[in-house]
Every structure is written in structure tokens, then in C-alpha cells.
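The structure presented is a predicted model; accordingly, all values stated were derived computationally and were not measured.
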Amino acid sequence: MSVLCGIPLVECVYCLACARWAWKRCLHTAGHDSETWGIATAEEFEPVPRLCRYILAVYEDDLKNPLWAPLDGYGINPDWLIHKKTYKDTCGRAPPYVVYLDHDHADIVLAIRGLNLAKESDYAVLLDNRLGKKKFDGGYVHNGLLKAAAWVLNAECKVLTELVEKHPNYTLTFAGHSLGSGVAAMLSMVVVQNRDRLGNIERKRVRCYAIAPARCMSLNLAVRYADVINSVVLQDDFLPRTATPLEDIFKSLFCLPCLLCLRCMRDTCIPEEKMLKDPRRLYAPGRLYHIVERKPFRMGRFPPVVRTAVPVDGRFEHIVLSCNATSDHAIIWIEKEAQRALDLILEKDHSMEVPAMQRMMRQETFTRHSEEHKAALQRAKTLDIPHAYMPPSEYGTFDEEVEESSRKSQGESSLDSINKSRAAESWDEIIELHFDKD
């Protein structure tokens, strides 16, 4: 056809298709990822900037004489600090962290710092994984991060148990940034699966905030633990968006833009249905909070907006080609923009000053989160995500179809209990592996 007409029609169509694809990829911005999500409330987003400051405090050698404190300080009372663990204390098995008893917010906090580019032990944690290497609770997780989390829990189990039992009304919060976010997410999963090790703590008292999260668990686990784990992403941050194994990312740190562009092209060509069907593919964990502060074709930063959801498909699948993809990963910028966003939310919501309205908004937020979580589980089941399941209905059964689904749920529930026992056994095995290395 092209030869007879004297015009390379096939080649022209091919070039136009490639140009259209490149144009759409260049126009894809961070705002597209969360444009259909709801707006976060002050009640649910309030802990984020505070926990960012706690994570920043881990970088200080002496909290009584801080060297790099923000303008308003870290918000930490040194007298309430239980202890601080450094690389010397962890022997390279986990990043440094602090255990802090926050009486002002009725919270027991374990905050973990991010990757240290000068520490080989941090790279060892990242490199201890390959696709599909470690199964946990019916899904796949990052092996190195899980082992680091198990070591932290083993080291702090006695202290955390005493604090939880001494303060029964306090929540237990795990927070981390970058590498620490993956450890914190794994830690919350291990605690939920082994609550008897922490005085039979209730699931609703356990929560996690993964700041600039690494993709560390399969999709079924990411959705199932959305009631416990919260991930916070600033605008164009590259780490939650790339399914590239963490070890490949940090091996290629000095040519990271080239790697991201290549992965961007590769992932764009893979159908989303195929990605969702891969049970080994890792994702950012839990409920997502997306801070959006820039708009396409406009200069400068705008008043930040925080959107939240428990997405199943379209879960930060595509890398954003942006010069801010790496700078938005910095904990300092995340803390600043999170605080700005919280201040704007509080300005618009004057009713937060009334205690009765606070209680009402807290209940409404809890109800909305519960409904969104159930909808996400149903969506995962509808898309036939590997190992996804629906929890038993709280309203009973009224017909044969519902009874059948209920029986399936009960069977899956019993299977889940078996997985829990297996998870406890695997936790013991992980701990033994750490001590065997010594």
C-alpha cells in the first residue's frame, strides 16, 4: 500500500501513534493520580507533620541540644524519650529509631529514619530481596524490610509491651521515612499478626504512617491493611510510583533519571490488567494521602491540597516525568508542605474549636474510612486480584447467594487464622536467622 501510493502510510501512522503516546506521558502529572479522591480532614491528617518532625529528630545526636531543628522545634519533650537506638545499637540490622512516649497526644511512637547513603548496612537491607522471595499472610513482601522489622520488634517487644499495658488508652504508632517507611509498614503488619506479643493489644490501637513510602507489599496486603497503615506522598515523589526493585534503584542512584525514564516507558507499555494480576508486584502500603501543591504549566507552588483514598487500580502506577521527582522525596519538604496543608485545612474548618463537633467529625471520618476500606476490598475482589478476599458481612445472610458468600468468607477467615499462625512461625524463623548471622 505504501509503495503503490508513494507515501509511507504505515510509517506515518506508527510515528503519529508514538507521538501521541509521548505527548500523553509528558502531560501526565501527579494531580491525575488522585483527581478522583476525596479531601482529607484535619482530624485524620493532624498526626502527619508532627510525626515527620519526630522522624527528623532521629537524625539528632542530642535532642537537648539540637543542631538542625525546624523553626518551631521537633515538638519532643526529652524527658519523655524512652530511648534512642543508633547504628551501633542495631548493628546494621535496622535503621536508627527512637521510642517516644507522647503524653500530649496519648501516643506511643516508634519513629524510624530514612536511608543513609553512607551506610552499607542500609544497602544490605535493600539488597536482601528478589521478586517473589518472601511470602507473608497470603501475599508477598520485601524480605529485607520484613527482617529488619522483626528485629526491631524483638528488640523493643518488652519495652512496648510495658508501655501498652501501662497506658491502655494510648495508641501505638510506627512512623518512618523512605527506607524507614518500609520497616514501619512491615513492623505494623508483624505486630497485628502477633498482637499477643504486645499484651494482646487491639488492632484499632495500632497504626502506621509511612512517609514517602517504598513499594514493599503486594496489592492484596496493601488494601487489607489500609485500616492500619497510612502512606503519605508529596506531589511527584518517585519512590511510591516505581515498581523497580529497591535494590535496582539505589544501585543506579547516580543515573536515577535515566533509570526512571526507562522504567516509565516500560511500565506505560504494560497493560494495567496484567500488572494487577501479578501477585508478586509490590505497592505502596495502606491508605494513601497525596499532597498536591503544583499544577501543570504553572510556575511555583500553590496552597497544598491533601487527597486521600484506598485505591486498587490506578495506585500510583506511572512515574511522573518531573524535575521534582527526587526533591519531593525529602523529609524536610514533606514536613513543611504537610504543615502548610494542615494549617489551611484548620483555617477552613472553624468548627474544630468545638469539642462536640470534633467528636462528630471523628466519628464521621471513622465511618467514611471504614466504608472506603470495604469498597476497596470489594473492588480488589471484583478485579480478581490474587489472594484478595472480602471480610464476613456484619448484617447476616438473607438468601442462598449471600449464604454461599458468607460460607466462603468463613472458610477464608479460617484460612486467614492459619496464615496468622504461619506468620507467627515465620516471625520466629526470621529472628533466628538474624542471630544465626552472628
TODO: Classify the angle between the aromatic ring planes of His103 and Trp80 as parallel (below 30°), tilted (30 to 60°) or perpendicular (above 60°).
DONE: perpendicular
Task: CD/Glu162: more than 12 non-hydrogen atoms of other groups inside 6.0 Å - done: yes
Open item on the list: Strictly by salt bridge (charged side-chain N to carboxylate O under 4.0 Å, His left out), give each pair with a member in residues 46-56 just once, sequence neighbours left out.
Closed with: Glu46-Arg50, Arg50-Asp102, Arg53-Glu335
Open item on the list: Does atom CG (Asp62) have a neighbourhood of more than 12 heavy atoms from anything else shown, all under 6.0 Å?
Closed with: yes
Open item on the list: Side chains of His105 and Tyr170, heavy atoms from C-beta outward: is any pair under 4.5 Å?
Closed with: no
Task: Residues Arg203, Asp227: salt bridge by 4.0 Å N-O rule - done: yes
- [ ] Taking side-chain contact (heavy atoms from CB on, under 4.5 Å) as the test, write out the residues that go with Asn169, two or more places apart.
- [x] none
- [ ] Taking Asn194 for its side chain and Val191 for its backbone only, find out whether a donor-acceptor pair lies under 3.5 Å.
- [x] no
Open item on the list: Tell me if a side-chain donor or acceptor on Arg207 pairs with a main-chain N or O of Ile229 at a distance below 3.5 Å.
Closed with: no
Open item on the list: Tell me every residue that passes side-chain contact (heavy atoms from CB on, under 4.5 Å) with Pro304, counting only those two or more places apart in sequence or in another chain.
Closed with: Ile291, Glu293, Glu337, Arg340, Ala341, Leu344
Open item on the list: Filter on ring pair (Phe, Tyr, Trp, His ring centres under 6.0 Å), then keep only pairs touching residues 191-223, sequence neighbours left out; what's left?
Closed with: none
TODO: Please identify each residue that fulfils side-chain hydrogen bond (donor to acceptor under 3.5 Å, both in side chains) with Tyr140, with sequence neighbours left out.
DONE: none
TODO: Provide the full list of salt bridge (charged side-chain N to carboxylate O under 4.0 Å, His left out) pairs with a residue in residues 321-334, sequence neighbours left out, each pair given once.
DONE: Arg294-Asp328
Open item on the list: If the test is side-chain contact (heavy atoms from CB on, under 4.5 Å), which one of Leu153, Leu187, Val152 qualifies with Phe174?
Closed with: Leu187
Open item on the list: Just so I know, are the side chains of Tyr283 and Ser218 near enough to count as touching, which here means a heavy-atom distance under 4.5 Å?
Closed with: no
Task: Arg224/Asp137 salt bridge by N-O under 4.0 Å criterion - done: yes
TODO: Kindly say whether Asn77 contributes a backbone atom to a donor-acceptor pair with the side chain of Tyr100 at under 3.5 angstrom?
DONE: yes
Task: Heavy-atom check, side chain of Thr90 versus side chain of Pro95, under 4.5 Å - done: no
Open item on the list: Between Arg315 and Pro311 (side chain of the first, backbone of the second, donor and acceptor by atom type, cut-off under 3.5 Å), is there such a pair?
Closed with: yes
Task: Which residues share a side-chain contact (heavy atoms from CB on, under 4.5 Å) with Ala111, sequence neighbours left out - done: Tyr54, Ile55, Val58, Val98, Val109
Open item on the list: Would you say CD1 of Ile39 has more than 12 non-hydrogen atoms from neighbouring residues, nucleotides or ligands within 6.0 angstrom?
Closed with: yes
TODO: Taking side-chain hydrogen bond (donor to acceptor under 3.5 Å, both in side chains) as the test, write out the residues that go with Thr308, two or more places apart.
DONE: Arg287
Open item on the list: Test your reading of the model: is there a side-chain donor-acceptor pair from Asn143 to the backbone of Lys133, 3.5 Å cut-off?
Closed with: no
Task: All side-chain contact (heavy atoms from CB on, under 4.5 Å) counterparts of Glu165, not counting sequence neighbours - done: Thr161
Task: Residue list, ring-ring contact (aromatic ring centres under 6.0 Å, His included) with Trp37, at least two apart or on another chain - done: Phe316
Open item on the list: Could you check whether any side-chain N or O of His142 sits under 3.5 Å from a backbone N or O of Leu126, counting only pairs where one atom can act as donor and the other as acceptor?
Closed with: yes
Task: side-chain hydrogen bond (donor to acceptor under 3.5 Å, both in side chains) involving His83 - partner list, sequence neighbours excluded - done: Glu156
TODO: Under the side-chain hydrogen bond (donor to acceptor under 3.5 Å, both in side chains) rule, collect the residues that match up with Tyr87, sequence neighbours excluded.
DONE: Asp122
Task: Under 3.5 Å: donor-acceptor pair, side chain of Ser370, backbone of Thr367 - done: no
Open item on the list: Between Ser231 and Ala284 (side chain of the first, backbone of the second, donor and acceptor by atom type, cut-off under 3.5 Å), is there such a pair?
Closed with: no
